[in-house]
Amino acid sequence: MQIIREAGAMQRYVEEQRRIGRSIGLVPTMGALHDGHLSLLRRCRADNDVAVMTLFVNPKQFDRSEDLARYPRDLARDADLAAAAGTDAIYHPAMEEMYPGGYATYVIVEGLTDRWEGATRPGHFRGVATVCTKLFAVCRPHRAYFGQKDYQQSLVIRRLVADLNLGFEIVVLPTVREADGLALSSRNALLGPDERRQARVVSQALFAAQAAVRSGERDAEKLRGDIEARIRSASLAVVDYAAVCHPDTLEPLTHISGRAVALAAARFGAVRLIDNVLLDG
Ligand code: PAF
């Protein structure tokens, strides 16, 4: 497995693979790999001739500098895990390579980014959309893989790829969870023991909403309120939002009459967790 640090070298690598007719799969990551990333990497390996992972902790998508400073980093471990999952190349640019002095270009996806993560983390999606556009330009994938855990992000990326005519496929894979339901996240490692015990309340609240819809509940406001109340019942939880929305536009719903998505974000101490489940009304 190669680790490539320069955009030009990475572009030459993928152009050569494309020239000889190979398909390129891409898994963008910020490292701190867990089983959720590994499921993306394995699927990428299975679907494509060449499996590429990017590893770059993108400062432009962090709205709080403490969060960026604490983000776990371990290149040797991540490289071992990526290699074991069949990755052919890691693109791991330095900060200066990604955002050299004078850098001035940003990608903004309007509308979809107004609510939820976009509203609670100003600038977050501008950072995500910008870095992903750059990673796509360098790695020129035929397919790129994202996790459903970052549901709004996956919609933003789909919109961006469609609007900019990038012409490749976005594959979104289901959230991978701990045995107690907690969605895997690189941030879980930062939870203290009590926070970790209580953090499962987020997925429990969302699964309870899913079960309620299966049993016939259609009042989206009630479902939303129940999700929020259940998360608040954990003494360490501070709810950023709980929402029941249209699965494509993320507009809040009052009534469920088809597909929907329930989203939640809550902080446990300094650690902010997000999760979601699809609802089938
Ligand atoms: O989901 C992530 O890890 C990041 O937002 C991404 C897509 C790698 C962009 O930095």
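Note that ligands are numbered from 1 as they come in the structure, with each ligand's atoms numbered from 1 the same way. We use all heavy atoms of the structure for the numbers below, so side chains are in, but hydrogens, waters and symmetry mates are not.
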With Ile170 via side chain to side chain contact (heavy atoms under 4.5 Å, CB included) - residues at least two apart:
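Side chain to side chain contact (heavy atoms under 4.5 Å, CB included) check on Ile170 returns Ala144, Phe146, Ile157, Arg158, Val161, Phe168, Val172.
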Is the closest basic N to carboxylate O distance between Asp63 and Arg126 below 4.0 Å?
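Salt bridge: no.
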Group every Ile, Leu, Val, Met, Phe, Trp and Tyr by side-chain heavy-atom contacts under 4.5 Å, then state whether Val131 and Tyr91 land in the same group.
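Same cluster: Val131 reaches Tyr91 through Ile, Leu, Val, Met, Phe, Trp or Tyr contacts under 4.5 Å.
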Going by the ring-ring contact (aromatic ring centres under 6.0 Å, His included) test, which pairs reach into residues 64-83, not counting sequence neighbours?
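Only Phe62-Tyr71 qualify under ring-ring contact (aromatic ring centres under 6.0 Å, His included).
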Show me the side-chain donor-acceptor pairs of residues 256-268 shorter than 3.5 Å, one per line, residues at least two apart or across chains.
unit_1	atom_1	unit_2	atom_2	d
Arg267	NE	Asp240	OD1	3.1
Arg267	NH2	Asp240	OD1	2.9

Close side-chain approach of Ile4 to His92, heavy-atom, < 4.5 Å
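No, too far: nothing below the 4.5 Å cut-off.
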Any protein N/O atoms within less than 3.5 Å of an N/O atom in ligand 1? List the atom names and distances, or say none.
unit_1	atom_1	unit_2	atom_2	d
ligand 1	1 (O)	Gln153	NE2	2.9
ligand 1	5 (O)	Gln61	NE2	2.9
ligand 1	5 (O)	Gln153	OE1	2.7
ligand 1	10 (O)	Gln61	OE1	2.6

